2 protein chains.
Amino acid sequence: MEESEGLVGGSSKVMGLGDRAYEDLKEKLVRGAYPPGHKITVRAVAEELGYGTTPARDALNRLVAERALVFSGPKTVVVPTLSLAELYEVTQMRLRLEGLAAEKGAIGAGAADIAQLEAFQGEIEAALTEGRYADALWSNKGFHFHIYGRAQMPMLLATIETLWLRVGAAFNDLYPEFAISKYGIQNHRAALEGLRHKDPQEVKAAIETDIRDGYRRLRQALSDRSLKK
Amino acid sequence: MEESEGLVGGSSKVMGLGDRAYEDLKEKLVRGAYPPGHKITVRAVAEELGYGTTPARDALNRLVAERALVFSGPKTVVVPTLSLAELYEVTQMRLRLEGLAAEKGAIGAGAADIAQLEAFQGEIEAALTEGRYADALWSNKGFHFHIYGRAQMPMLLATIETLWLRVGAAFNDLYPEFAISKYGIQNHRAALEGLRHKDPQEVKAAIETDIRDGYRRLRQALSDRSLKK
DNA sequence: CTCCGAATTTTGTTGCAACAAAAATGGAAT
DNA sequence: ATTCCATTTTTGTTGCAACAAAATTCGGAG
C-alpha cells in the first residue's frame, strides 16, 4: 500500500499529456518564444502543441499557479512583465532560497562535482565570447542547479525553479546581454574556490553576490526599457 | 493565489468552480478532515463538494503541484506524511522565507498593527488554556500572517502559505499539542517587543526562534509516532 | 497464515460540445 | 482623430462518456 519515490536518478514517471504540454510550454517560455505581454490561449496552445484542449488547459493552469503566466483580464493570460517591485521581491526570495541551496549543496561536494562545474563554466565563457547568449544562459542554469541539486531538497529545488521561470519568461527579450557578464564569471570562480576549500559559506556568499549582480543588471535593463517606451 | 481577503489592492477576482473546489479542499486539509495517508479521488471530491469532475480535477492538480497532496502511485494521490528529511527541508525554507517576510513586514508597523497582533495573541493564549487547540492554531496563523502580509510581497506570501499547508496537512492529527506551547507564547511576545522598538531584526529573530521551537516539537512528535507504529 | 496471480472494480485522463462571458471589431457621433 | 457603444468573434469553463491503466479483491496454492 505504501510506495515512495525512487531515491535518486532518472525520474521515469509516466507523464500524461498534460505534463508534457506543461514542459513544452515552459521550455518555449524560457527560450523566449513569446514576448512579454503576448496572449496565450488554451486553443492556440492545444493546436500548437498538437494536444487536445484539456492537456493544454492543464498546462496553462499550472503555469498560472506558478505565476509564470499571469491574468491580464478575467479570461486572458499573458506572458508577464516584471515590475521593479516584483523583480525586487523575486530577488529577495532567490537570495534566501538559493543561498540555502548553495550552502547545503556545497557540503560534501567532491572532485567530480568540481569537474562538472568547471565544464559548465567553460561552456559559459566560450558561449559568451562567441555571442551565443542563449547557450551561455543554459550553461549558467546548469552551473547553478548542479550545486543546488546536490542539496537533496526537492521542494526547495522546485521553488527555485519557479523563480527562475518567472524571471526568464519576463526578461527573455533582453536577458542575454544583461544576465551574465564578467562579474558572473568571477562569481562562479569564487564559488568554485569555495567548493575546493570545502567552505559552504564561501560558496553561499559567491552565489548571493552572483544573484545581486544579476539583479542590478536586470534592474538597469528594466529602467532603460521603461524610458524607451 | 487569491485568498479570502487582501489588505490592499484586492481586486476581487471572479472565481470559477475549480478555484472554489480548491479553496474548499484546502480548508478541509488544513482542518484535518482527512488523516495522512488518506486517499483522495477526483470523483469522491466531486461528489463531496457537489461539483463536476473537472473542477475537482483542477483542485487536485493544483494541490498536487503545491505538494499539499502527493502521489503514492501512478494514479493515487494521498494526504502526505512528512518524513524527517522533508520536515527539515520545509523548516529550512520557512526559516529563510518567513524570516524575510517578518523582517520586511516589521518595517513601518504601527500601533494599529501591534494592537491587532496583541488581539491575536490574546486569542491564542485563551484558546490554549481552554484546550481549544484548533482555535489556537487559527489565531497563531493570523498572528504570523499579519506580520508577513505587511511586507507587501505577494509571491513570498503565497510560497509561505504552501509551506504551512504542507505541514498542516501532514501533521493535523497530532499538531495541536505540539505546535504551540509556552515557548510559542514567549516568542510572540518577543516579536511584539521588536515591533514596539521598531527593530525588524529583533522581530525576525523572534519568528525564527518560533519556527525552530515548533520544529523541535514536530520532530519529537514524528519520532514518537514512528515508534508507536 | 502468507503469498501470488487473475478477475473485477475503480480511477485519471482525454476529447468534445454547449454555454456564458469576455475581448475584439466596426462604425457612428462628437 | 478619439470615444463610445452595439455587434460579432473568441475564449475559458464545465459536464460527460469512453478508454486505458492502475488498484483492489478474491481465491487457491504452498
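For clarity, every value in this text was computed on a predicted model and none was experimentally measured.
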Item to complete: Counting heavy atoms from C-beta on, name the nucleotide in dG12(D), dT11(C), dT14(D) closest to the side chain of Arg43(A).
Response: dG12(D)
Worksheet, complete the sentence: Against the side chain of Pro74(B), the closest entry in dG12(D), dA23(D), dT14(D) is dA23(D)
Discussion item. In whole Å, I'd like the distance from the CG atom of Asp58(A) to the P atom of dT14(C).
Written reply: 7 Å
Worksheet item: Rounded to the Å, how far apart are Arg62(B) CZ and dG12(C) P?
Response: 19 Å
Fill in: 5' precedence on DNA chain C between Pro55(A) and Ala44(B) (nearest-nucleotide basis)
Ala44(B)
Discussion item. What is the separation between atom OH on Tyr22(A) and atom P on dT13(C), rounded to the nearest whole Å?
Written reply: 16 Å
Fill in: Contact nearer the 5' end of DNA chain C, comparing Lys39(B) with Thr76(A)
Lys39(B)
Worksheet entry | Whole-Å gap separating C1' (dG15(C)) and CG (Leu49(A)) | 16 Å
Worksheet item: Does the side chain of Gln220(B) come under 3.5 Å of the side chain of Arg216(B) through a donor N or O and an acceptor N or O?
Response: no
Worksheet entry | Interatomic distance where CG belongs to Asp19(B) and P belongs to dT14(D) [whole Å] | 8 Å
Discussion item. Does dT13(D) have OP1 or OP2 under 4.0 Å away from a side-chain N or O of Arg57(A)?
Written reply: yes
Worksheet item: Phe143(A) vs His188(A) aromatic rings, parallel, tilted or perpendicular, using cut-offs 30° and 60°?
Response: parallel
Worksheet item: Hey, is the main chain of Gly108(A) close enough, under 3.5 Å, to the side chain of Arg150(A) for a donor-acceptor pair?
Response: yes
Practice prompt. Would you kindly give the CZ-to-P distance between Phe71(B) and dA21(D), to the nearest whole Å?
Written response: 16 Å
Worksheet item: Can you find a donor-acceptor pair, distance only, under 3.5 Å between Lys75(A) side chain and dA21(C) base?
Response: yes
Worksheet item: What nucleic acid atoms does Thr53(A) come within less than 4.0 Å of, heavy atoms only: base, sugar-phosphate, or nothing?
Response: base
Practice prompt. Take the protein atom CE of Met15(B) and the nucleotide atom P of dT14(D), then report the distance between them rounded to whole Å.
Written response: 11 Å
Item to complete: Please examine the side chains of Leu165(B) and Leu63(B), heavy atoms only from C-beta on, and report whether any two atoms are closer than 4.5 Å.
Response: yes
Worksheet item: Between Glu47(B) (CD) and dT10(C) (C1'), how many Å, whole number?
Response: 14 Å
Worksheet item: Any donor and acceptor pair, going by atom type alone, linking the side chain of Arg166(B) with main-chain N or O of Glu66(B) inside 3.5 Å?
Response: yes
Item to complete: Quick one: label Thr54(B) by what it contacts on the DNA or RNA (base, sugar-phosphate, nothing), any heavy atom closer than 4.0 Å.
Response: base
